[in-house]
Number of protein chains: 2
Amino acid sequence: MTSSLQADPQRVGEVLYRTLRDRIISGALRPGARLSVPALAEEFHVSRSPVRDAVIRLVQENLVVETMNRGAEVARVSRAELVSLYEAREVLEGAVARLATERYDAALRRTLLALLAEHRAVAEQGDFGRHLELDAAFHRAIRQAAQSPVLARMLDSVQSRVLVAMRSTSLTGGMVQAVHEHQAIFEAIGAGDPEAAEEIARAHIRRLKELLRAAD
Amino acid sequence: MTSSLQADPQRVGEVLYRTLRDRIISGALRPGARLSVPALAEEFHVSRSPVRDAVIRLVQENLVVETMNRGAEVARVSRAELVSLYEAREVLEGAVARLATERYDAALRRTLLALLAEHRAVAEQGDFGRHLELDAAFHRAIRQAAQSPVLARMLDSVQSRVLVAMRSTSLTGGMVQAVHEHQAIFEAIGAGDPEAAEEIARAHIRRLKELLRAAD
DNA sequence: TCGATCAGATGTGCATGCAGTGTTGAACGT
DNA sequence: ACGTTCAACACTGCATGCACATCTGATCGA
């Protein structure tokens, strides 16, 4: 789920960054929640310096916004921005699907088949939480196979903000259809057709974007 | 040239961030150059805190890499990563061209026509420096017209690292061809054909990517 | 001559001090 | 009851202190 390169979990600031990031993505810190540096420093029993570092990184990542002399709060992702995020996601997922096709191998085939099998069962069963996980896992497998750190990082950034926004949006339906579309993406990748893989992946995200546009 | 949202030029850390970023992009700070926090603090007559803030932001932006207890240095952008950046840029420029088509208006038309006219003259004249500026201005105009902060920010991030990498790459040719391709993009946008605009813009970047792949 | 050793210098990473600013709520007058 | 005033509080943003890690270059031994 995380990622964000630069390991070094030894540094306190790095650990705090990951922790706060997880709290935001998981919804423990909701949009609008204030991030008080002294309060967080006390909570984690560290000084304000590494906390400040972590907050700065979150701001740079657009997960947090700060105002002059007023501190930081978890970013509110508007409906308009969510659509904008999906416009980016559409082309990025298309790109990684295309690249994954060019790098397709047996390992990727096994991974995707396993994910699809479980996802199909889960979707028919109606387990929405697990559906979200498997959906994310499917796309993550493809973007890892694409072996493009640049695209992967961008998708990570998009996805993190999407998750924040999704928490204040319903959009429950379409589990079975999602599996069907994933299956189509897999088949295009397996068939070695990059153009088809890209277009089908894009259409998949485009459909979700239109659902968001329609939803209220 | 800059951008990167979050105005507030009042904060010292913000000013330093912009300054260092400009130095990296302009080539004043070359890849591998060490960023000593105490040294920079002395140079700018500020304390180490805002310098540290600026460096952290640059690291988060991948313009700078830091190693545990070893400090930060300007990132070296490899040839492989440059190609990867162009794979991202290809789909992102395609996306903004498509969006710009949907938001096309007289103002954009005037802007693009003016840029193309000057660019054509400059290309025939062989002024490479001005060519680079006009090339960037053309793409910037389109991505502003797209009105997608998400895509704009991603393209900014890509472009900044491309500029760093380009400094150690020749890739001089193709000014006239670039103008032709820009002209084609403009015509597709003006014709209100989003699909064509996207594909032509993508092909434009794809060609540059292939040039990079070929170059050595 | 050349490699190993080690002390001094430099710098990172976390802790902390502090002035200035924004916020809040209680006291006050109307 | 209700708006205004203002003082105490909380926090930001910059400055600075310091322990420890890393680097450098001079000294030493073989």
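Letters go in sequence order (proteins before strands), and every chain restarts at 1.
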Which ones in residues 40-54 of chain B lie close to DNA chain C, meaning a heavy atom under 4.0 Å from one of its atoms? Arg48(B), Arg52(B)

Pairs involving residues 100-111 of chain B, ordered by first then second residue, that meet side chain to side chain donor-acceptor pair (under 3.5 Å) (sequence neighbours left out): none

I'd like to know if Glu93(A) and Lys209(A) make a salt bridge, using a cut-off of under 4.0 Å between side-chain N and carboxylate O. no

Donor-acceptor pairs under 3.5 angstrom involving side-chain atoms of residues 32-42 of chain B: please list them, not counting sequence neighbours.
{"unit_1": "Arg34(B)", "atom_1": "NH2", "unit_2": "Arg70(B)", "atom_2": "O", "d": "2.9"}
{"unit_1": "Ser36(B)", "atom_1": "OG", "unit_2": "Ala39(B)", "atom_2": "N", "d": "3.2"}

Applying side chain to side chain donor-acceptor pair (under 3.5 Å), can you list everything that pairs with Arg130(A), at least two apart in sequence or on another chain? Glu118(A), Glu133(A)

Nearest whole Å is fine: how far is dG13(C) P from Ile56(B) CD1? 9 Å

With sequence neighbours left out, what residues match Arg76(B) under salt bridge (charged side-chain N to carboxylate O under 4.0 Å, His left out)? Glu73(B)

To the nearest Å, how far apart are Asn69(A) CG and dG20(C) P? 12 Å

Salt bridge (charged side-chain N to carboxylate O under 4.0 Å, His left out) pairs, two or more places apart, involving residues 46-56 of chain A: Arg52(A)-Glu66(A), Arg52(A)-Asp53(B), Asp53(A)-Arg52(B)

Would you mind classifying the nucleic acid contact of Leu35(A) as base, sugar-phosphate or nothing, using non-hydrogen atoms under 4.0 angstrom? sugar-phosphate

Side-chain N or O of Arg70(A) versus OP1/OP2 of dG22(C): is the shortest distance under 4.0 Å? no

Not counting sequence neighbours, which residues clear salt bridge (charged side-chain N to carboxylate O under 4.0 Å, His left out) with Arg206(A)? List them please. Glu90(A), Glu199(A)

His182(B): which residues meet the side chain to side chain donor-acceptor pair (under 3.5 Å) condition with it, sequence neighbours left out? Asp135(B), His139(B), His204(B)

Under a criterion of less than 4.0 angstrom to any heavy atom of chain B, what are the 5'-terminal and 3'-terminal contacting nucleotides of DNA chain D? dG13(D) to dC23(D)

